[in-house]
2 protein chains.
Amino acid sequence: MISYSLFRFVKRLFRNVGDTGLGTQTTTTSIAELIADRIDSMPAGERRAAQTLVANYPVIGLKTVADFSQQAGVSSPTILRFVARLGFQNYPEFQSALQDELAAQLQSPASRTTISPNRSDAASPMIEATLDNLRETFRHLSDKQLNEIAEKMADHRGHMFLIGGRFTDPLARYMAAHLAIIRPNVFHLVGQESMWRDRLIDMGKRDVLVIFDIRRYQDSLIRFAEKAHQRGVQIVLFTDQWLSPIARFARHVIAGRTAVPSPWDSSAALFVVAETLIGAVTRQMEPDSARRIREMEGLR
Amino acid sequence: MISYSLFRFVKRLFRNVGDTGLGTQTTTTSIAELIADRIDSMPAGERRAAQTLVANYPVIGLKTVADFSQQAGVSSPTILRFVARLGFQNYPEFQSALQDELAAQLQSPASRTTISPNRSDAASPMIEATLDNLRETFRHLSDKQLNEIAEKMADHRGHMFLIGGRFTDPLARYMAAHLAIIRPNVFHLVGQESMWRDRLIDMGKRDVLVIFDIRRYQDSLIRFAEKAHQRGVQIVLFTDQWLSPIARFARHVIAGRTAVPSPWDSSAALFVVAETLIGAVTRQMEPDSARRIREMEGLR
DNA sequence: CGGGGAGCGTATCGTATGTTACGTATTTTG
DNA sequence: CAAAATACGTAACATACGATACGCTCCCCG
C-alpha cells in the first residue's frame, strides 16, 4: 500500500521535475508548489482553475470535475486540461495524488511545524515521529472505547489470555505481568502454536483474548484468533493502522501508528496504549486490586 | 455551494440527534464521533468498515466504495449499508460530509489540536504525562551518548546479553528480538537466576550486557551485574531517573522518566529509547544488516 | 430439531462521471 | 489587416461507479 503510492508519487515527480531542469535535489514537491511553479505559463481558463484549487486546497480537487469546473467558472474540459498540464494522466490519478498528500499530511501534523534543524543526528527524527504517532493514535481513540475495553478487562469472572506476534509478544507479556497482579486468571500464551491451541479448550464466551499483531501479520495468530472467535471468546486486538485481518473477529480494535524513519516499525504507540489500559483497569478495580496487592506482598 | 452543503449537513444532524434524544445542545458532531456512538450497535461487517475508517480517517472515505471495501475486507454493499446506518442517503452525500468536515478543519488549524473536546476522562493526563516523560528523557540524552552505545551494540566481535526485571524484562526481550536479526550472538537471558549465572562463564571484556532495572530494583539483578562487571563485561543500563544501584557498575546509563498518574511506573520512555537504539544500530550496520536480513528471509 | 430472521456477499443494472471529438471564439503573428 | 494557431466550450460517448435485487449462510428462538 505505502510502497505502491510512494512509487506512483516518485514516478510523477520525475515526470514533472524532468522538464523544469531542477535536477534531483527536490525533496517533496507538493501539488500546491507544482501549481505555483506553472501558473504563469497557463492560459486564462486553466489559471482560474489553478487559483480556485489553491483557494480551496485541497477539498475542491476531491470533488467531481463538474463541481470543480462550476466553482472555477470554467468548463469541464478546461479542468481536465489543467490537471493534464500538471503532469497527470487523468483526473482520478490527480485525485489519488491529492489524497496521498493529504494522508501524509494528516499522519504527522506536528513534525512539519517543529522541524528542528539543529539536531543533525539520527535520534531527533525518530523521537519526533514517535511523539506524532502517540498523538495521532490517541486522537483516533475515544475515551469511551478505552473505558469499555478496561471494563471488559476488569471483569474477572472469565479468564484473560494475552498473546503477541514476533515482535509484539513482549508487549503482551508486559501487559500480562501487570494485570496478573491485580486480577486472577491472567495467562500469557507463550511457546509453540500447538501449545496455545490446546488452551482453546478452556476458552468460552466470558473470556477475553488480547492479541497484538502488526505487519507482517502472522498466519498462526490469525488462525488462532479465528478459532477463538468461533468459541465465542471476546477478542481485543492491538494492531497498526492498516488493521490486521484479525480485526474481522475482534470485538475491540486499537489501531496504533507505527511509521517511523527506521527500517523497523515502531510499537511505541501500542505500548503506551497498553500502559494506559493497565492504569485504567487498575483504577476500575480499586479497592479490590489494592487488597490483592497487599495480600501478595504478604506471600513473599 | 457552501450554503447548500451546510443545509445538507444540518439536515443530517437533525436526523441523527433526533433518535438519540440528545436534544439540540450538540455543537458539531463530527463523523468520527458519530461512528464512536453507533459502532456498538453495528453488525460485524459494518463494524469492520467503521474501524477501518477511523484508523485511516478520513482519507479512505474519500476514495471509491470499491477501494474502501477492499481495504476493510468486506464487500461493497456492506460499505453502503454502513454509511446508510450513519444516516446518509447515499455514498456521495457521505463523501460530501467528509469533505466539508475536512474543509472546516483545514481552515482553522487551531481546532485541529482540540478536535476531541470530550477529553475529560482518565486517558488524557496519562498520555500527557507520557509525552512529557519522553521529551524530558530525550532532553537529557545526548546524541553523542546514543551513538556511542549504538556503536558498542553494533560491534559484533563480542557477545551481547540482555536481561530485565520483573516488569522490564519484556523490554529486554523486545530489543533482543530485533537485534538478534541484524547481528549474531544476541542472547536474552530468561528463566531463573541460576540460569543466568551459569552464562557468566562465557562473558568477557568484549561482551556487552544490557540491563533494564527500574524501581523497585531487584537484588538478583544487582548481584548479577556486579559479577558481570568483575569479569570486565561492558554494561549498558536502562533505569529510571533515580538510578538503579547497578549504575555503579555500568559503562553507559540511560535514565528514563517513569512518573505517570497511575499506580504503576511507566516504561514508555525506556521503550522508546530502546527503539531508537535499535534503529541506530541497524543504520550503523548497513549494509551488513540488510544482507543478513535477506539471508534470513531465504531460510524461511 | 426445525423455522424464521438478520447479515453478508454475488451478480446485475442504471446512471453519474470522466473523456474526447469538434466547432467557435479569441488571440497572435506575419 | 488577414490568416493561422491557440484556447475554450458544447455535446456526444464510454466507462466505471454506486445502487439494488437475490440467494446463501449463520444464529437465535420456539
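Note on naming: letters A, B, ... go to the chains in the order of the sequence lines (proteins, then strands), and numbering restarts at 1 for each one.
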What is the separation between atom [atom1] on [X] and atom [atom2] on [N], rounded to the nearest whole Å?
| X | N | atom1 | atom2 | value |
| --- | --- | --- | --- | --- |
| B:Leu80 | D:dT20 | CG | P | 9 Å |
| B:Phe88 | D:dG18 | CZ | P | 15 Å |
| A:Asn90 | D:dT15 | CG | P | 14 Å |
| B:Gln89 | D:dA19 | CD | C1' | 13 Å |
| B:Gln70 | D:dA16 | CD | P | 16 Å |
| A:Glu226 | D:dC26 | CD | P | 12 Å |
| A:Arg48 | D:dC8 | CZ | P | 11 Å |
| B:Tyr91 | D:dT20 | OH | P | 16 Å |

Point to revise | Cationic tip of A:Arg197 above A:Phe224 ring, under 6.0 Å, 45° of axis | key: no

Check your understanding: Is it the case that A:Glu101 and A:Tyr57 place a side-chain donor and acceptor less than 3.5 Å from each other?
Key -> yes

Could [X] and [Y] be called an ion pair, given the rule that one side-chain N must be under 4.0 Å from one carboxylate O?
| X | Y | answer |
| --- | --- | --- |
| A:Arg257 | A:Asp265 | no |
| A:Glu148 | A:Lys152 | no |
| A:Arg248 | A:Glu226 | no |

Review point. Should B:Thr64 be listed as having a side-chain N or O under 4.0 Å from OP1 or OP2 of D:dA16?
Key: no

Point to revise | B:Pro77 side chain, from C-beta outward: closest of D:dT20, D:dC8, D:dG18 | key: D:dT20

Exercise for review: Please state whether the rings of A:Phe94 and A:Phe88 are parallel, tilted or perpendicular, taking 30° and 60° as the class boundaries.
Suggested key: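 Rings of A:Phe94 and A:Phe88: perpendicular, over 60°.
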
**Study point:** Along DNA chain C, first and last positions that approach a heavy atom of chain B under 4.0 Å
**Key:**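 The contacted stretch runs from C:dG7 to C:dT10.
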
